[in-house]
**Student:** 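Let me begin by handing over the structure; questions about it come next.
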Amino acid sequence: MRIIVADDEYFARKALVKSIEQLEEEIECCEEAEDGTQVMELLEAHGADLVVADIRMPDMDGLEVSRLIQEKFPDVSVIIESGYMDFDYATTAIRYGVKDYLTKPVKKEELEKAIQRVKEEHKKLRQKIENQIAARRGEFMNFSHILENEAVANEILQEFFEKIEQGSWYLLTVQSEKKQLSREEIQSIQGIFEKESRICVAYFYPKNEFILVIEAEEQNGFPDALIRKKIVECWHKAKIKCHAGVSQCHEKTMGFVKEMAKAYREAVYAMNQRLLCSENQIYHYEAEVNVVQLFSQAEERELEKSLMENRTQNAVQMTMDFLKRCENNRAISIYSLFTSLVQLMNVINKVYSMRKEENHTENTTNSYLLFNFKTDLYSFYSMEELKEYMKDLILHVSDETEQKSSIINDLLKYLEWNYQYDITVNELATHKYFVNPSYLSRLFKAETGMTFSRYLKELRMKKAAELLQESDLKIGDVASCVGYNDVSYFIQTFKKQYSMTPEQFKNSERA
């Protein structure tokens with residue numbers, strides 16, 4: 001600690017300095033001042049963690065010094081020493097944020113306890129600030145990927161883990177119907193949930209999601225009424241419609257990260273139910289039960305035949321009719337829908353592969369599909385979005401030449417969500433859009449005016465610039481958030497784009 005001792009009595013001041021230097025506490029520096037003016041000058045020149053000031057000094061007393069320190073240097077603590085205990089002085093000292101009021105002659109053990117209390121308070125404050133910085137950095141990371149790294153999770157999600165330690169809990173993912181929220185809207189929604197002490201909440205930009213951890217009620221379990229009230233409040237105060245996916249109830253455990261990852265998957269699966277029942281506000285996780293076949297084998301054969309014979313409109317109509325049957329049908333589970341979508345995707349992939357063989361194009365073995373994981377449905381906010389995606393997919397797998405820009409529109413949306421990951425046009429073409437990579441590259445350039453790699457690079461640089469403007473992240477953290485593991489390469493790329501380094505850009509924006 002850096003300490004300033006202020007007392008106009010020479011011997012009293014020297015005695016106090018000696019006492020402080022003899023303490024077991026780690027004291028970096030102990031400077032002396034004869035009056036309040038010198039205290040303020042030392043603070044201006046060198047700073048300090050603590051000022052120990054006599055209540056009576058020339059030019060200004062210890063209370064006036066305390067008031068000025070609180071006003072100009074709020075991070076600096078003050079301990080007042082006085083020849084006698086006066087109630088009025090003590091109450092005024094408290095009002096000015098004085099940490100302790102010691103009477104002369106100051107006993108060594110009392111001084112040590114007072115300094116120890118200040119030290120502990122500073123330590124807690126530093127930890128709180130570090131947690132806030134870590135959480136702020138985490139906002140720009142994918143929540144599911146944070147949970148993949150235990151060290152990162154422990155740093156960023158400290159407040160969540162503290163909530164988990166208290167007992168039974170639920171994890172919620174809350175999303176607005178708007179896919180992009182302003183900073184003001186995010187803060188407004190976050191503030192609505194944070195007003196309840198039982199709720200811990202953080203926002204994560206990549207998937208436009210608020211993650212909540214809430215304590216379970218002792219008898220009633222999930223506090224349904226409270227969450228409904230908060231969602232209604234989001235609409236009335238922020239004019240934002242929100243939906244919540246709720247995990248099962250989880251018990252406190254030592255394996256925080258794994259348990260939270262499990263709870264997050266459950267909340268995402270629950271949220272997927274909005275595709276079937278869009279009018280609901282809260283969706284609860286249900287175990288995989290009662291999975292039924294919604295798309296019959298006869299329909300599957302008819303879809304394949306339509307695609308092979310280039311009867312595209314018939315294939316589209318079949319798919320739209322199927323999805324319409326599922327919409328707002330409470331008898332259908334999200335798992336049944338997921339299973340049926342995998343059926344459809346397998347048919348599309350089969351036709352695509354057969355066409356590649358007919359055209360003597362290199363085939364890909366062990367190809368994977370968009371709906372490999374139930375979490376893949378999470379990117380669709382409504383059944384309408386899912387219908388559009390399936391329609392566009394069928395059009396592009398067929399020989400139809402209509403609406404070629406729709407695949408690029410979907411691809412651009414995909415990049416907005418996933419720009420920080422290792423993405424290649426070859427993988428997207430083969431495994432997501434079922435088209436030839438060269439064709440997708442040509443189509444992308446025709447629609448956007450630039451190559452895929454250049455577009456991705458400029459998107460990452462744009463996102464980096466936004467982070468530098470809006471956050472206090474370090475340059476290395478910004479690089480990581482936009483998909484660069486090599487900080488030097490990120491700085492070079494950024495400089496080529498903006499003709500200045502990230503540090504210069506950050507300073508120019510805040511000047």
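Everything quoted here is computed from the prediction, not taken from an experiment. Hydrogens, waters and symmetry mates are skipped; everything else that's a heavy atom, side chains included, is used.
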**Student:** Just checking, any donor-acceptor pair under 3.5 angstrom between side chains of Asn426 and Thr424?
**Tutor:** no
**Student:** With sequence neighbours excluded, what pairs up with Glu259 under the side-chain contact (heavy atoms from CB on, under 4.5 Å) test?
**Tutor:** Trp169, His250, Thr253
**Student:** Apply salt bridge (Lys or Arg N to Asp or Glu O under 4.0 Å) to the pair Lys462 and Glu458, showing each step before the final yes or no.
**Tutor:** CA-CA 6 Å; Lys462 176 188 170 187; Glu458 292 196 1; over 6 Å; no
**Student:** Does the pair Glu112 and Lys119 meet the rule for a salt bridge (Lys or Arg N to Asp or Glu O under 4.0 Å), with working shown?
**Tutor:** CA-CA 10 Å; Glu112 187 169 15; Lys119 186 178 177 181; over 6 Å; no
**Student:** Just by modelled atom types, is the Glu177 backbone N or O under 3.5 Å from a matching donor or acceptor in the His243 side chain?
**Tutor:** no
**Student:** Any chance CD of Gln297 has more than 12 other-residue heavy atoms, nucleotides or ligands included, within less than 6.0 Å?
**Tutor:** no
**Student:** Hey, is the main chain of Gly245 close enough, under 3.5 Å, to the side chain of Thr173 for a donor-acceptor pair?
**Tutor:** no
**Student:** List the atom pairs, donor and acceptor, that lie under 3.5 Å between side-chain atoms in residues 189-202 and the rest of the protein, sequence neighbours left out.
**Tutor:**
residue	atom	partner	partner atom	Å
Lys195	NZ	Glu233	OE2	2.8
Arg198	NH2	Glu215	O	3.1

**Student:** With rounding to the nearest 0.5 Å, note down the distance linking CZ in Phe295 to CG in Leu341.
**Tutor:** 10.0 Å
**Student:** So does Asn485 have more than 12 non-hydrogen atoms from other groups sitting under 6.0 Å from CG?
**Tutor:** no
**Student:** If you measure from the Lys or Arg side-chain nitrogens to the Asp or Glu carboxylate oxygens, is any gap between Glu71 and Arg67 under 4.0 Å?
**Tutor:** yes
**Student:** Hey, is Lys413 close enough to Glu385 for a salt bridge, meaning N to O under 4.0 Å?
**Tutor:** no
**Student:** Quick check against the 3.5 Å criterion: does Gln175 have a side-chain atom that pairs as donor or acceptor with the backbone of Lys207?
**Tutor:** yes
**Student:** Report yes or no: does Gln248 contribute a side-chain atom to a donor-acceptor pair with the main-chain N or O of Tyr285 at less than 3.5 Å?
**Tutor:** no
**Student:** Does some side-chain heavy atom of Asn507 sit less than 4.5 Å from a side-chain heavy atom of Glu503?
**Tutor:** yes
**Student:** Could you tell me whether the side chains of Glu209 and Tyr264 share a donor-acceptor contact shorter than 3.5 Å?
**Tutor:** yes
**Student:** Is the cationic atom of Lys237 (NZ for Lys, CZ for Arg) positioned less than 6.0 Å from the six-membered ring centroid of Trp235 and within 45 degrees of its normal?
**Tutor:** no
**Student:** State which residue, out of Asp224, Leu226, Ile231, fulfils the side-chain contact (heavy atoms from CB on, under 4.5 Å) condition with Arg228.
**Tutor:** Asp224
**Student:** Is Tyr283 reaching over with its side chain to a backbone N or O of Cys277, donor-acceptor style, under 3.5 angstrom?
**Tutor:** yes
**Student:** Does Lys179 count as lying over the ring of Tyr381, i.e. NZ or CZ under 6.0 Å from the six-ring centre, within 45 degrees of the axis?
**Tutor:** yes
**Student:** Has Ser188 got a side-chain atom pairing as donor or acceptor with Glu184's backbone, closer than 3.5 angstrom?
**Tutor:** no
**Student:** Ion pair present between Glu121 and Arg117, side-chain N to carboxylate O less than 4.0 angstrom?
**Tutor:** no
**Student:** Check whether Arg460 reaches the backbone of Cys481 with its side chain - one donor and one acceptor, N or O, closer than 3.5 Å.
**Tutor:** no
**Student:** Carefully, step by step, assess Phe338 and Leu377 under the rule side chain to side chain contact (heavy atoms under 4.5 Å, CB included).
**Tutor:** CA-CA 8 Å; Phe338 170 79; Leu377 283 174; 4.2 Å; yes
**Student:** Return yes if some donor-acceptor pair links the side-chain N/O of Asn208 with the main-chain N/O of Lys178 below 3.5 Å, else return no.
**Tutor:** yes
**Student:** Measure from the side-chain N and O atoms of Tyr335 to the backbone N and O of Glu286, and report whether any donor-acceptor pair falls under 3.5 Å.
**Tutor:** yes
